[in-house]
Amino acid sequence: MTEILVLYYSRHGGTQKMARLLARGIESTGAIARLRTVPELAFVDEGCPHESVSTAKSDDPYVTLEDLKACHGLALGSPVRFGNMAAPLKHFIDSTSKAWLEGTLIGKPAMVFNSGSMLHGGQETTLQSMMLPLLHHGMVIVGLPHSESALHTTSGGGSPYGPSHVNVEGHRQPDNDEKNLAIAAGKRLADIATKLRH
């Protein structure tokens with residue numbers, strides 16, 4: 001069976017919600033969604049007032065390099081951090097040199113998704129910057145085509161670069177357009193991964 005790795009980091013739960021929606025789309029095709037996350041980063045200065053503490057509760061295990069080998073496709077999700085992916089996820093990506101040297105991800109399809117706290121807070125630049133290491137790994141980038149009608153009506157998240165969620169102060173649930181785009185993205189990624197396998 002086609003297996004898609006849904007790898008995400010979530011601080012306030014918004015990106016986790018999106019990961020679950022993508023997984024729903026993936027599994028609607030008969031493929032398997034393997035949900036994985038990354039640990040928080042420890043800071044050298046324990047007294048740092050800005051130390052990151054996640055408020056999202058996740059039952060999903062931490063990702064390993066074996067997960068990258070086993071998957072047929074990858075959905076990568078992060079909160080928006082100044083127009084870039086969050087440090088804990090970037091830290092994991094930076095640790096994948098062995099997978100890069102072995103060509104583990106070459107030719108596999110990949111999609112990116114995110115969640116941010118404001119409408120113009122950098123969702124699109126975050127999605128684009130998340131694609132860069134995936135291209136270095138030789139992955140085939142999958143976006144959302146304008147045939148997805150929710151791209152024309154969304155007043156929250158979602159773009160051709162990938163699904164996103166505007167998660168104001170961690171309290172806003174994904175709206176119908178954001179949900180539909182995330183589910184459609186998961187379905188599209190799984191369908192393409194299955195076609196590439198055969």
Side-chain angles (χ1 to χ4, degrees), residues 5-23 35-58 60 62-63 68 74-97 99-100 105 110-139 141-144 150-151 154-175 177-179 181-182 185-186 189:
L5 175 60
V6 182
L7 171 58
Y8 70 94
Y9 168 72
S10 190
R11 183 159 183 206
H12 297 294
T15 310
Q16 183 184 60
K17 289 171 191 167
M18 293 298 284
R20 299 278 189 267
L21 290 166
L22 265 90
L35 286 148
R36 295 290 185 268
T37 190
V38 295
E40 292 287 342
L41 292 180
F43 289 80
V44 176
D45 179 5
E46 294 299 327
C48 176
H50 302 292
E51 186 170 336
S52 176
V53 178
S54 177
T55 56
K57 302 292 182 250
S58 178
D60 299 319
Y62 293 143
V63 67
L68 298 181
L74 169 67
L76 187 67
S78 173
V80 173
R81 291 290 181 269
F82 303 106
N84 211 328
M85 77 175 90
L89 188 62
K90 178 72 164 61
H91 180 71
F92 172 74
I93 297 295
D94 287 347
S95 76
T96 61
S97 294
W100 176 76
L105 295 172
M111 172 170 282
V112 292
F113 64 98
N114 66 28
S115 178
S117 62
M118 63 181 76
L119 188 58
H120 301 292
Q123 283 91 346
E124 290 189 347
T125 57
T126 299
L127 292 171
Q128 291 170 335
S129 67
M130 289 170 69
M131 293 176 189
L132 298 178
L134 305 181
L135 288 165
H136 279 268
H137 271 285
M139 301 196 82
I141 302 299
V142 175
L144 277 170
L151 278 181
T154 183
S155 59
S159 77
Y161 311 115
S164 60
H165 168 48
V166 180
N167 186 28
V168 181
E169 296 178 3
H171 303 301
R172 183 177 171 271
Q173 296 297 316
D175 64 26
D177 286 337
E178 291 171 331
K179 285 181 188 174
L181 289 170
L189 180 59

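Side chains included, hydrogens not; waters and symmetry mates left out as well; all remaining heavy atoms used.
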Can you see which heavy atom on Leu134 is nearest to which on Leu74, and at what distance?
CD2-CD2, 3.8 Å
For the backbone of Asn84 and the side chain of Gln128, can you confirm whether one donor and one acceptor N or O come within less than 3.5 Å of each other?
no
Nearest heavy-atom pair of Ala182 and Leu21: which atoms, and what distance?
CB-CB, 3.7 Å
Apply side-chain contact (heavy atoms from CB on, under 4.5 Å) to Arg36 and Val6, showing your working.
CA-CA 6 Å; Arg36 295 290 185 268; Val6 182; over 6 Å; no
Flag if over 12 foreign heavy atoms under 6.0 Å of OH, Tyr161
no
Is the closest side-chain heavy-atom distance between Arg81 and Arg11 below 4.5 Å?
yes
Give a yes or no on whether the backbone of Leu151 and the side-chain of Thr154 come within a donor-acceptor separation of less than 3.5 Å.
no
Any side-chain heavy-atom pair from Met18 and Asn114 closer than 4.5 angstrom?
no
Taking atom CG of Leu132 and atom CE of Met130, what is their separation to the nearest 0.5 Å?
10.5 Å
Is it the case that the side chains of Tyr9 and Glu40 hold a donor-acceptor pair, with the cut-off being a distance below 3.5 Å and no angle test?
yes
CG/Leu144 to CG/Leu181 distance, rounded to the nearest 0.5 angstrom?
6.0 Å
Check for a donor-acceptor pair, side chain of Ser164 on one end and backbone N or O of Phe113 on the other, with a separation under 3.5 Å.
no
Start with the C-alpha gap between Leu89 and Leu7, add the side-chain angles, then the distance that decides, and say whether side-chain contact (heavy atoms from CB on, under 4.5 Å) holds.
CA-CA 9 Å; Leu89 188 62; Leu7 171 58; 4.1 Å; yes
Determine yes or no for a side-chain-to-main-chain donor-acceptor pair under 3.5 angstrom, with Ser10 supplying the side chain and Gln16 the backbone.
yes
Shortest non-hydrogen contact from Ala23 to Leu35?
CB-CD1, 4.2 Å
Side chain to side chain contact (heavy atoms under 4.5 Å, CB included), paired with Val166, selected from Gln123, Met118, His120
Gln123
Side-chain donor-acceptor contact under 3.5 Å, Thr37 with Asp60
no
For residues Ser115 and Thr15, report the shortest heavy-atom separation together with the two atoms involved.
CB-OG1, 3.4 Å
On a heavy-atom basis, which atom in Ser129 and which in Met85 lie closest, and how many Å separate them?
OG-N, 4.2 Å
Would Leu5 and Leu76 count as a side-chain contact (heavy atoms from CB on, under 4.5 Å) here? Give the steps.
CA-CA 8 Å; Leu5 175 60; Leu76 187 67; over 6 Å; no
Whether Ser117 side chain and Asn167 backbone form a donor-acceptor pair below 3.5 Å:
no
Stepwise side-chain contact (heavy atoms from CB on, under 4.5 Å) test for His137 and Thr96:
CA-CA 9 Å; His137 271 285; Thr96 61; 2.9 Å; yes
Sequence neighbours excluded - salt bridge (charged side-chain N to carboxylate O under 4.0 Å, His left out) pairs with any residue from residues 85-97
Lys90-Asp94
With sequence neighbours left out, the residues meeting side chain to side chain contact (heavy atoms under 4.5 Å, CB included) with Asp175 are Arg172, Asp177, Glu178
At their closest point, which heavy atom of Tyr8 faces which heavy atom of Ala19, and how far apart are they?
CD2-CB, 3.7 Å
Between NZ of Lys17 and CD of Gln173, what distance do you get to the nearest 0.5 Å?
3.5 Å
